[in-house]
2 protein chains.
Amino acid sequence: MSAKNLSFRDLQCLVAICDSGSISKAADACAISQPSLSERLKRIESQLGVELFERNKRSLLPSSTGEALAAKARELLVGVGAIDEVVAAAHKPLSGTLRVGVISTLGPYLMPYILPQLRKQYPELELIIHEDLTDALITELTGGSLDIVIAAAPLEVPGVREIGLFHEPFFLAVSKLHKFAGPHSTAAADLDGKDMVLLEDGHCLSDQALDICPAKRRTNKNRLHSMSLETLRHMVAAGAGYTLLPSLSVGNKPSLSKLISYKKLDGKRQYGRQIVLAHRSSFARKTDVHLFSQLIRDCLPDSVETILTSTRH
Amino acid sequence: MSAKNLSFRDLQCLVAICDSGSISKAADACAISQPSLSERLKRIESQLGVELFERNKRSLLPSSTGEALAAKARELLVGVGAIDEVVAAAHKPLSGTLRVGVISTLGPYLMPYILPQLRKQYPELELIIHEDLTDALITELTGGSLDIVIAAAPLEVPGVREIGLFHEPFFLAVSKLHKFAGPHSTAAADLDGKDMVLLEDGHCLSDQALDICPAKRRTNKNRLHSMSLETLRHMVAAGAGYTLLPSLSVGNKPSLSKLISYKKLDGKRQYGRQIVLAHRSSFARKTDVHLFSQLIRDCLPDSVETILTSTRH
DNA sequence: GTTTTCTATAGGATATCCCTATATGTTATA
DNA sequence: TATAACATATAGGGATATCCTATAGAAAAC
């Protein structure tokens with residue numbers, strides 16, 4: 001029979017017997033009764049088919065096999081300690097690895113607010129950040145290669161829970177030479193969509209921008225499309241048109257501020273997007289999820305409005 | 001609760017589940033039924049207090065803790081293989097370590113005959129050879145720091161079994177200038193003990209030599225004593241007297257053969273000593289003991305008479 | 001809609017674990 | 001030599017673990 005049927009306790013007992021040279025003392029050390037240990041040793045020996053100790057009437061003498069086995073056992077028990085460490089780490093908040101996906105129109109602007117505090121407060125957390133489009137992120141989330149996704153609501157994916165983080169207003173970004181750049185206010189209804197530059201398909205931001213001027217939804221063919229928000233910003237600065245930019249991306253971009261004017265859209269509605277944190281409903285680390293959510297809210301600038309406890313799905 | 005209560009089987013199952021991503025398939029791989037594995041996993045998780053897998057209705061997804069734990073488990077299972085190797089080695093004849101004690105008047109002359117064959121036939125045997133006086137060897141044998149002792153009979157120690165190996169004749173070693181060196185035969189009765197040189201106290205050879213001339217047993221004070229057989233031989237060569245040397249030590253010593261004459265003692269008795277192999281009666285490796293005994297007998301030169309199966313005690 | 005596939009649960013037989021009490025043999029001490 | 005002290009082994013019994021078959025329930029495949 002193989003050693004596969006041994007338990008760590010067996011090894012522990014074996015080492016204890018070897019160390020103390022006595023079943024009684026080892027039984028004390030292992031916190032079981034002497035008869036129990038005596039029988040356990042007998043069982044181990046019969047399982048392995050090897051005599052581990054010579055019974056010389058009163059004294060126990062480890063055989064050469066017993067000695068060799070105890071040495072291996074000592075090594076293995078160190079490894080068991082490592083398992084305990086893994087388990088212990090699992091009980092510590094925000095430790096180990098957390099794989100987070102963020103949409104690319106948010107990640108580069110959000111993360112700088114979060115990371116310093118995260119590293120300071122939870123140095124044992126290894127954060128893996130992945131930027132992609134919403135759909136890809138959701139696929140990875142449900143597939144298990146991401147633990148958390150930060151994206152714009154609504155996602156409404158079965159088996160995925162969303163926790164509201166904050167509302168990020170949109171700003172109209174327009175070249176200072178454009179007619180919208182003037183001191184007079186601009187309403188959503190004024191956006192005719194003709195001069196509007198957008199991100200390429202797949203970015204939720206484009207859909208959201210088009211939602212704001214719904215009448216023009218189907219006239220957005222042949223428009224200019226950009227791959228990144230920064231390219232978009234440069235296109236606006238170059239006079240290619242106007243666009244809607246999320247608040248966090250407007251933050252501190254002094255380099256282009258002479259060329260671009262940012263203004264809020266007029267109207268009763270607060271134009272913008274709702275950012276949520278999503279995770280599999282079955283994801284075990286609820287505490288980590290909530291600690292992470294709260295840390296994000298705490299680190300945000302005043303330009304966005306944090307959402308306290310809202311949870312969907 | 002700690003990982004100490006896990007068994008290797010638990011780890012094996014954990015790894016199997018992680019590898020296959022399915023309880024059913026892992027159950028097949030582990031050769032148990034699916035419900036058994038399902039419950040085992042549940043038990044492990046509750047023991048560790050950690051969710052190792054996310055149960056997403058139909059699919060199993062290892063949590064980050066589960067993944068980390070499986071990685072550790074894989075390492076540990078390699079170590080378990082090492083235990084199996086130790087056990088397997090214990091089943092192989094004459095492998096592992098064998099600690100052999102030999103009396104110093106025999107070891108240097110016997111071992112050269114044995115070691116080549118031993119190394120050839122059992123290359124996996126690590127032989128530890130220890131030379132000392134009989135009493136010290138017996139103490140180490142019963143104390144457990146030696147497995148086997150080769151010495152002159154009788155030992156008759158409780159709990160120690162003796163196996164006859166061979167009879168080693170004594171030769172009278174005498175300077176060619178001495179009166180005994182002549183062509184006429186010398187009888188035991190002729191040994192007056194006055195010119196006899198012996199090893200220091202503790203060597204059984206001295207007692208045996210004195211036994212041969214019993215009348216002189218108590219007149220051996222003030223005699224010359226030597227610490228090693230080779231010193232003894234040189235003393236004889238230098239004309240300090242005569243002595244009795246065991247056959248194996250006479251073997252091939254051409255350097256002194258011009259100065260020393262070796263001759264058998266006359267008489268009906270075969271003067272000499274009985275060499276036995278001794279081990280604790282409780283010593284588990286009976287097979288090894290007999291293989292070792294037989295190998296010694298097989299390697300001996302014709303100058304000694306091997307004993308086939310004699311066993312004492 | 002039915003079948004297949006996968007996990008979880010229920011019930012039950014057997015084995016394991018660990019206890020107390022006790023037997024047996026050894027060593028130390030009077 | 002008797003007695004006490006100590007160590008291991010055995011017996012008996014209760015709690016628990018292990019593993020099975022049968023079956024339920026839910027999702028996926030056809």
Side-chain angles (χ1 to χ4, degrees), chain A residues 1 4-14 16-48 51-63 66 142-144 157-160 280-282, chain B residues 1-2 4-14 16-48 51-63 66 142-144 157-160 280-282 284:
Chain A
M1 195 168 290
K4 293 268 159 56
N5 298 298
L6 295 183
S7 69
F8 293 124
R9 193 124 238 275
D10 288 334
L11 297 191
Q12 198 184 333
C13 291
L14 230 46
I17 297 177
C18 237
D19 285 346
S20 65
S22 144
I23 290 190
S24 315
K25 282 172 202 146
D28 270 355
C30 297
I32 59 173
S33 70
Q34 168 266 315
S36 295
L37 185 54
S38 180
E39 289 211 3
R40 183 184 280 265
L41 175 58
K42 218 161 42 169
R43 174 183 56 75
I44 295 174
E45 288 185 327
S46 85
Q47 271 185 3
L48 297 182
E51 200 167 317
L52 266 12
F53 294 86
E54 292 179 30
R55 283 129 168 105
N56 224 339
K57 288 303 159 68
R58 75 189 162 290
S59 74
L60 271 221
L61 200 58
S63 72
T142 54
V157 178
V160 170
R280 289 181 300 283
S281 310
S282 57
Chain B
M1 197 167 290
S2 137
K4 294 266 159 57
N5 297 299
L6 295 184
S7 70
F8 293 125
R9 192 123 238 276
D10 288 334
L11 296 191
Q12 198 185 334
C13 291
L14 230 46
I17 298 176
C18 237
D19 285 346
S20 66
S22 145
I23 289 188
S24 315
K25 282 172 203 145
D28 268 355
C30 298
I32 58 173
S33 71
Q34 169 267 315
S36 294
L37 185 55
S38 180
E39 289 208 2
R40 183 183 281 266
L41 175 58
K42 217 161 43 169
R43 175 184 54 76
I44 295 173
E45 287 184 326
S46 85
Q47 271 184 5
L48 298 181
E51 200 165 318
L52 266 13
F53 294 86
E54 292 178 29
R55 282 135 170 100
N56 228 340
K57 285 303 156 68
R58 77 190 160 291
S59 73
L60 273 220
L61 199 58
S63 71
T142 54
V157 179
V160 170
R280 290 180 300 282
S281 309
S282 58

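Each chain gets a letter, A, B and so on, in the order its sequence line appears, and its residues count up from 1.
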Report each atom pair, protein N/O against N/O of nucleotides 10-17 of chain D, whose distance is under 3.5 angstrom.
{"residue": "dT10(D)", "atom": "OP2", "partner": "Lys42(A)", "partner atom": "NZ", "Å": "2.5"}

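In this structure, Asp10(B) places its CG atom 9 Å from P of dC19(D), rounding to the nearest Å. Regarding Glu51(A), its CD atom lies at a distance of 14 Å from the C1' atom of dT8(D), rounded to whole Å. Whole-Å rounding puts the Arg40(B) CZ to dT16(C) C1' distance at 13 Å. Taking atom CG on Asp28(B) and atom P on dT7(C), their separation rounds to 11 Å, with Å as the unit. As a whole-Å value, the separation of Leu41(B) CG from dA8(C) P is 7 Å. The CD1 atom of Ile44(A) sits 12 Å away from the C1' atom of dC17(C) (whole-angstrom rounding). Regarding Ile32(A), its CD1 atom lies at a distance of 6 Å from the P atom of dC19(C), rounded to whole Å.
Between the CD1 atom of Ile23(B) and the CZ atom of Arg40(B) there is a distance of 12.5 Å, given to the nearest 0.5 Å. Between Leu6(B) atom CG and Leu48(B) atom CG the span is 5.0 Å, to the nearest 0.5 Å.
In this structure, the side chains of Glu54(A) and Ser281(B) stay at 4.5 Å or more apart for every pair of heavy atoms. Counting heavy atoms from C-beta outward, Leu61(B) and Phe53(B) have side chains that stay 4.5 Å or more apart. In this structure the side chain of Arg43(B) reaches within 4.5 angstrom of the side chain of Asp10(B), judged on heavy atoms.
Ser38(A) places no side-chain N or O within 3.5 Å of a backbone atom of Gln34(A) that could act as its donor or acceptor partner. Looking at Ser63(A), its side chain does come within 3.5 Å of a backbone N or O of Glu51(A) through a donor-acceptor pair. Listed for the Arg9(A) side chain is a donor-acceptor partner under 3.5 Å among the backbone atoms of Cys30(A).
At dC20(D), one or more side-chain N or O atoms of Ser33(B) fall inside 4.0 Å of OP1 or OP2 (strictly under the cut-off).
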Candidate pair Leu52(A) and Ile17(A), rule side-chain contact (heavy atoms from CB on, under 4.5 Å), full reasoning: CA-CA 10 Å; Leu52(A) 266 12; Ile17(A) 297 177; over 6 Å; no
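The stretch residues 16-27 of chain A has no heavy atom under 4.0 Å from DNA chain C, so no residue of it qualifies as close.
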